[in-house]
Colleague: 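For reference, the structure I am asking about is given below.
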There are 2 protein chains.
Amino acid sequence: MNQSTMFNVTELRATSQAQAEQRAAKGIVFVLDDDPSIRSSYERLFTLEGFVCFAYDSAEALITGRTIDAERLNGPRCLLCDVSLPGKSGLDVQEALGSEQAMMPFIFISGVSSEVEVVQAYRKGGYAFLLKPIDISELLATVSSALVLSGNRQQESAELARLQAMVMQLTERERAVIKLVLEGCTNPQISDRLRIALRTVKVHRQHAMQKLGAKNLVELTRTALRSSILC
Amino acid sequence: MNQSTMFNVTELRATSQAQAEQRAAKGIVFVLDDDPSIRSSYERLFTLEGFVCFAYDSAEALITGRTIDAERLNGPRCLLCDVSLPGKSGLDVQEALGSEQAMMPFIFISGVSSEVEVVQAYRKGGYAFLLKPIDISELLATVSSALVLSGNRQQESAELARLQAMVMQLTERERAVIKLVLEGCTNPQISDRLRIALRTVKVHRQHAMQKLGAKNLVELTRTALRSSILC
DNA sequence: GCAAAATCTGCCCTTTAGGGTAATTGCTAA
DNA sequence: TTAGCAATTACCCTAAAGGGCAGATTTTGC
């Protein structure tokens with residue numbers, strides 16, 4: 001029966017993992033608050049709402065743990081954060097995460113904060129600022145919109161990475177030809193400019209189009225503009 | 001000598017107008033504050049800095065007077081505004097100007113405001129929030145960046161208007177042809193789809209390219225993407 | 001050194017793009 | 001009613017794009 005038991009455990013884990021992935025696709029909410037009761041309140045709330053939730057009691061714990069906890073979980077994410085924490089404050093977390101912030105909007109929560117903190121939070125790119133007492137529906141609305149923003153940013157980012165990967169496949173010569181194509185040159189003109197035979201231009205152009213997944217000039221131009229090859 | 005005097009006056013006015021236009025090109029700063037001494041301080045400051053400055057004592061005066069005052073003056077603009085005013089507040093002005101806000105960033109100034117006001121100002125799209133005591137260099141830096149933003153927005157807006165004006169010149173048929181071109185169709189394919197002769201497609205395409213100021217397909221695609229004809 | 005890319009090219013063919021000339025039809029504003 | 005614009009098309013021509021086939025040279029990583 002030992003075998004059977006182990007099998008069941010594996011099954012459960014698999015289910016749990018699958019479930020977590022499904023939830024994560026809806027959203028991952030990171031919470032940072034030093035009050036244990038508040039943390040568990042948030043955890044309950046967001047879990048009930050169908051999100052994945054990770055709560056931390058300190059900025060350090062958040063910074064260290066967030067990647068490990070959300071390992072293998074893909075999905076839009078945001079951070080709910082009390083500005084006034086002992087030790088490192090929410091504003092410090094903002095700085096620590098830096099560019100990651102674009103993918104993970106910060107929602108600050110505060111009851112006793114000064115205007116200075118609010119201003120600073122916004123200046124550093126904070127997404128929203130909620131003042132206590134917290135209205136649950138307002139909180140959920142804010143979280144939802146933050147997750148939408150995060151999702152959009154992730155999509156854009158992924159799209160850009162995809163395009164740039166394609167551009168990287170191009171050889172030097174192919175890139176040079178395409179660049180001139182995008183400047184409006186005809187093949188004979190490119191042939192003159194690069195001092196290569198017309199047939200060679202055509203070959204490079206053809207290969208580049210294939211690598212960029214473009215069936216025609218219009219698609220090529222679109223792709224190029226999005227990935228900004230021209231620069 | 002009467003003639004001469006009048007001539008001189010006209011000259012002066014002309015010069016003044018030219019000067020104002022030159023200043024306006026650098027920036028127009030609207031100021032809203034109920035304290036006369038503060039208003040004149042700002043006016044002096046911004047005039048010295050080479051901007052055009054219009055100061056108002058009430059939201060109503062600003063809303064009524066801004067277009068009249070800045071008549072014929074083109075240039076980036078921003079609004080410096082005290083949140084806590086008697087009567088209509090700075091936040092109300094924000095609402096009153098609505099979409100105009102995009103072209104004219106709001107900079108709020110406050111010493112005694114609550115966090116609630118700060119949050120509201122940002123939520124409504126305020127550009128920045130400065131807390132008293134005001135640091136002059138910080139103020140000027142904020143105004144400068146707001147003016148840059150305003151200038152960029154105006155340029156984008158003008159560019160879009162220009163493109164859309166060109167698109168409007170197209171006849172129904174020309175638009176239809178170009179739309180298919182942008183979907184990647186070749187002329188023969190368009191000929192089939194629209195059930196018109198190949199020569200007709202070419203004529204429409206040619207006319208459309210001229211009206212859109214595009215010398216080749218690449219330029220056409222660029223123009224189309226920017227003006228979003230496809231939608 | 002060798003194999004795999006990358007670069008280069010000529011010849012030849014078809015399809016597209018672009019455009020000149022000329023003509024017809026229908027609709028609208030002066 | 002007439003001039004003008006939009007839309008349509010036929011015929012004819014050139015230039016450009018796209019690509020198959022065959023081969024050369026060069027660079028480069030293992």
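Just so it is clear: chains get the letters A, B, ... in the order the sequence lines come, proteins before strands, and each one is counted from 1.
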Colleague: Using heavy atoms to find the nearest nucleotide of DNA chain C for A:K211 and A:V201 separately, return the residue whose nucleotide is more 5′.
Modeller: A:K211
Colleague: Expressed in angstrom and rounded to an integer, what is the separation of B:I196 atom CD1 from D:dA6 atom C1'?
Modeller: 12 Å
Colleague: Taking atom C1' of C:dC8 as reference, at what distance in whole Å does atom CG of A:L198 sit?
Modeller: 13 Å
Colleague: Regarding A:E174, tell me which of base, sugar-phosphate or nothing describes its non-hydrogen contacts under 4.0 Å with the strands shown.
Modeller: nothing
Colleague: Is it true that B:Y56 and B:D69 share a donor-acceptor pair across their side chains at a distance under 3.5 Å?
Modeller: yes
Colleague: Less than 3.5 Å apart, any donor N or O on the side chain of B:Q17 or B:E21 sitting next to an acceptor on the other?
Modeller: yes
Colleague: May I ask you to say what B:T200 touches in the nucleic acid, namely base, sugar-phosphate or nothing, with a heavy-atom cut-off under 4.0 Å?
Modeller: base
Colleague: Taking only the side-chain nitrogens and oxygens of B:H204, find out if one of them lies under 4.0 Å from OP1 or OP2 of D:dT8.
Modeller: yes
Colleague: For nucleotides 21-30 of chain D, list the nitrogen or oxygen atoms of the protein found under 3.5 Å from its nitrogen or oxygen atoms, one pair per line.
Modeller:
none

Colleague: Evaluate side chain to side chain contact (heavy atoms under 4.5 Å, CB included) for A:L79 paired with A:L62, printing each intermediate quantity in order.
Modeller: CA-CA 10 Å; A:L79 170 63; A:L62 169 71; 3.9 Å; yes
Colleague: Could you work out which one of D:dT9, C:dA17, D:dA17 sits closest to the side chain of B:K202?
Modeller: C:dA17
Colleague: Does a salt bridge link A:R123 with B:E138, judged by any charged N lying under 4.0 Å from a carboxylate O?
Modeller: yes
Colleague: Would you tell me whether A:Y127 and A:S145 have side-chain atoms, one donor and one acceptor, within less than 3.5 Å of each other?
Modeller: yes
Colleague: Does B:K211 pair with B:E174 as a salt bridge, N-O distance under 4.0 Å?
Modeller: yes
Colleague: Rounded to the nearest Å, what distance is computed from the CG atom of residue B:L170 to the P atom of nucleotide D:dA7?
Modeller: 10 Å
Colleague: Any Lys/Arg nitrogen of B:R162 or B:E159 sitting under 4.0 Å from an Asp/Glu carboxylate oxygen of the other?
Modeller: yes
Colleague: Under 4.0 Å between a side-chain N or O of A:N187 and OP1 or OP2 of D:dA17?
Modeller: yes
Colleague: Under 4.0 Å: is that the gap between some side-chain N or O of A:T186 and OP1 or OP2 of D:dA15?
Modeller: no
Colleague: Measure from the side-chain heavy atoms of A:Q206 and tell me the nearest of D:dG19, C:dT16, D:dA6.
Modeller: D:dG19
Colleague: Nearest whole Å is fine: how far is C:dT9 P from A:L194 CG?
Modeller: 10 Å
Colleague: Both B:Q169 and B:A197 contact DNA chain D. Taking the nearest nucleotide for each, which residue is further toward the 5' end?
Modeller: B:Q169
Colleague: Taking atom P of C:dT7 as reference, at what distance in whole Å does atom CZ of A:R195 sit?
Modeller: 19 Å
Colleague: What I want to find out is whether B:E100 reaches B:R66 closely enough, with some N-O distance under 4.0 Å, to be called a salt bridge.
Modeller: yes
Colleague: Report, one pair per line, the protein and nucleotides 25-30 of chain C atoms (nitrogen or oxygen only) whose separation is under 3.5 Å.
Modeller:
none

Colleague: Classify the ring geometry between B:F108 and B:F106 as parallel (under 30°), tilted (30 to 60°) or perpendicular (over 60°).
Modeller: tilted
Colleague: Rounded to whole Å, please give me the gap between CD1 in A:I178 and P in D:dA17.
Modeller: 12 Å
Colleague: Roughly how many Å is it from CZ in B:R205 to C1' in C:dT16, rounded to a whole number?
Modeller: 9 Å
Colleague: Can a side chain N or O of B:R173 be found less than 4.0 Å away from OP1 or OP2 on D:dA6?
Modeller: no
Colleague: Using atom CG of B:L217 as one end and atom P of D:dA16 as the other, report the distance to the nearest whole Å.
Modeller: 15 Å
Colleague: Test B:T223 against every option in B:V167, B:V218, B:I178, B:L163 by the side-chain contact (heavy atoms from CB on, under 4.5 Å) rule and name the one that passes.
Modeller: B:L163
